[in-house]
Amino acid sequence: MVRGLALLALFLPALAQGYEVGLWGLGGLGGAYLRLQGELALPGGRLGFALAPYGRAPGEVGLALERLVLVGEEGEWALALGRLPLTLGEGRLFPYTWNRPSPAGGEEGVWGGYLTGYGEARLRLGWFLERGPFLEVALPELRAYAFPGGGGLGWSLRAGPGVAYGEARWEAGQGAGLVGVSLPLEEGVLTLEATYPWAWAGAWWGSLEGWRLGFLAGYRGGWFAALEGEWEGWGFGVAWPGLGWRVSFRGDF
């Protein structure tokens, strides 16, 4: 498997359609990365990837394969294999996801695959290397999923000009829940969420004087806040606590 990933590392950059280069820092540590991503059309499917060489203190250098998805499609069925991004929950601010942080500052998917059937209800049956089998059934406003030792139920519905949503789930004998709402506000969207175990947050993402901006603040075992923005490919972010920061530039080949 290691040899195969090394060959992919040599092959995939030639197919990249977009890139992001950036610097980041957190609590006196820092790093740099170059993220290459693209999607290649194949007969009956497609191949998508995100690959990121990185360096970070104190002298670590590596290569993060954050996403590698091979999809084959036939009629109402699709088979996806590889390192797949997978977020199960409905939360926008507190998402329940099987992805994990990448050493290059992004997210890494999970190795496995699933077969998806599209009809009045979406049926998804899969298996993941670290989690085992997985089943999901989804309707337009309701979905349920199960895996060894856990499962969940999520819902979303239109509430006037906005969207209300929520979820309940259990894992390893522990229960959790979330409710939230997203509403249009000025030139953006305001999102409010509360969870159990207890946490809450509010965020606004939108446009201001040509900038794409996001503001986030909340409480989860302690207060936190973040600000991010993007203008003509340039991006920045700052977060507290920990005095985290990020500066990046993205573009297309």
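Predicted model only: the values in this text are computed from it and were never measured.
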With rounding to the nearest 0.5 angstrom, report the [atom1] to [atom2] distance, [X] to [Y].
{"X": "Glu171", "Y": "Leu88", "atom1": "CD", "atom2": "CG", "answer": "9.5 Å"}
{"X": "Leu34", "Y": "Tyr19", "atom1": "CG", "atom2": "OH", "answer": "9.5 Å"}
{"X": "Leu135", "Y": "Leu123", "atom1": "CG", "atom2": "CG", "answer": "6.0 Å"}
{"X": "Trp24", "Y": "Arg56", "atom1": "CH2", "atom2": "CZ", "answer": "6.0 Å"}
{"X": "Trp111", "Y": "Leu65", "atom1": "CH2", "atom2": "CG", "answer": "5.0 Å"}
{"X": "Arg46", "Y": "Leu70", "atom1": "CZ", "atom2": "CG", "answer": "9.5 Å"}

For side chain to side chain donor-acceptor pair (under 3.5 Å), just list the numbers for Arg250 and Ser248, CA-CA rounded to whole Å, side-chain angles, deciding distance to a tenth of an Å, and then say yes or no.
CA-CA 7 Å; Arg250 65 178 63 187; Ser248 64; 5.4 Å; no
Which atoms form the tightest heavy-atom contact between [X] and [Y], and what is the distance?
{"X": "Thr191", "Y": "Ser182", "value": "OG1-OG, 2.9 Å"}
{"X": "Asn99", "Y": "Leu86", "value": "OD1-N, 2.9 Å"}
{"X": "Glu167", "Y": "Gly91", "value": "OE1-N, 3.4 Å"}
{"X": "Ala199", "Y": "Phe94", "value": "CB-CZ, 4.0 Å"}
{"X": "Gly180", "Y": "Leu178", "value": "N-CD2, 4.3 Å"}
{"X": "Leu153", "Y": "Ala144", "value": "CD1-CB, 3.9 Å"}

Take atom [atom1] of [X] as the centre, draw a 6.0 Å sphere, and report whether it contains more than 12 heavy atoms from other residues, nucleotides or ligands.
{"X": "Trp198", "atom1": "CH2", "result": "no"}
{"X": "Glu187", "atom1": "CD", "result": "no"}
{"X": "Glu186", "atom1": "CD", "result": "no"}
{"X": "Trp211", "atom1": "CH2", "result": "yes"}
{"X": "Phe249", "atom1": "CZ", "result": "yes"}

Between Phe147 and Tyr96, what is the ring plane arrangement, given parallel below 30°, perpendicular above 60°, and tilted in between?
parallel
Glu108 and Arg83: CA distance, side-chain angles, deciding distance, salt bridge (charged side-chain N to carboxylate O under 4.0 Å, His left out) verdict:
CA-CA 8 Å; Glu108 293 180 341; Arg83 181 162 232 174; 3.5 Å; yes
Less than 6.0 angstrom from the centroid, inside 45 degrees of the normal: does [X] satisfy that with respect to the ring of [Y]?
{"X": "Arg92", "Y": "Tyr165", "result": "yes"}
{"X": "Arg67", "Y": "Phe49", "result": "no"}
{"X": "Arg220", "Y": "Phe224", "result": "no"}

Would you please indicate yes or no on a ring centroid separation below 6.0 angstrom for Phe134 and Trp98?
yes
Verdict with reasoning, Gln17 to Glu39, per side chain to side chain contact (heavy atoms under 4.5 Å, CB included)
CA-CA 7 Å; Gln17 299 161 329; Glu39 186 168 296; 4.2 Å; yes
With the side chain counted from C-beta on, respond yes when [X] and [Y] share a heavy-atom pair under 4.5 Å apart, and no when they do not.
{"X": "Phe253", "Y": "Leu36", "result": "yes"}
{"X": "Glu230", "Y": "Phe236", "result": "no"}
{"X": "Leu47", "Y": "Leu68", "result": "yes"}
{"X": "Arg131", "Y": "Pro148", "result": "no"}
{"X": "Leu93", "Y": "Leu216", "result": "yes"}
{"X": "Arg124", "Y": "Tyr145", "result": "no"}
{"X": "Leu115", "Y": "Trp77", "result": "yes"}

Are [X] and [Y] close enough for a salt bridge, meaning some N to O gap below 4.0 Å?
{"X": "Glu141", "Y": "Arg158", "answer": "no"}
{"X": "Arg212", "Y": "Glu232", "answer": "no"}
{"X": "Arg143", "Y": "Glu136", "answer": "yes"}

Distance-only donor-acceptor check, side chains Ser102 and Glu66, under 3.5 Å
yes
Could you walk me through whether Glu130 and Arg100 pass side chain to side chain contact (heavy atoms under 4.5 Å, CB included), step by step?
CA-CA 12 Å; Glu130 298 180 359; Arg100 58 189 178 191; 3.2 Å; yes
Say whether [X] and [Y] are linked into one hydrophobic cluster, either directly or through other cluster members, by side-chain heavy-atom distances under 4.5 angstrom.
{"X": "Val137", "Y": "Leu125", "result": "yes"}
{"X": "Val247", "Y": "Val238", "result": "yes"}
{"X": "Leu190", "Y": "Val163", "result": "no"}
{"X": "Tyr118", "Y": "Leu142", "result": "no"}
{"X": "Trp231", "Y": "Leu213", "result": "yes"}

Would you check, one step at a time, whether the test side chain to side chain contact (heavy atoms under 4.5 Å, CB included) holds for Val110 with Leu129?
CA-CA 8 Å; Val110 287; Leu129 188 61; over 6 Å; no
Using the side chain to side chain contact (heavy atoms under 4.5 Å, CB included) rule, take Tyr114 and Thr116 through it: C-alpha gap first, then chi angles, then the decisive distance, then the call.
CA-CA 6 Å; Tyr114 50 71; Thr116 304; 3.4 Å; yes
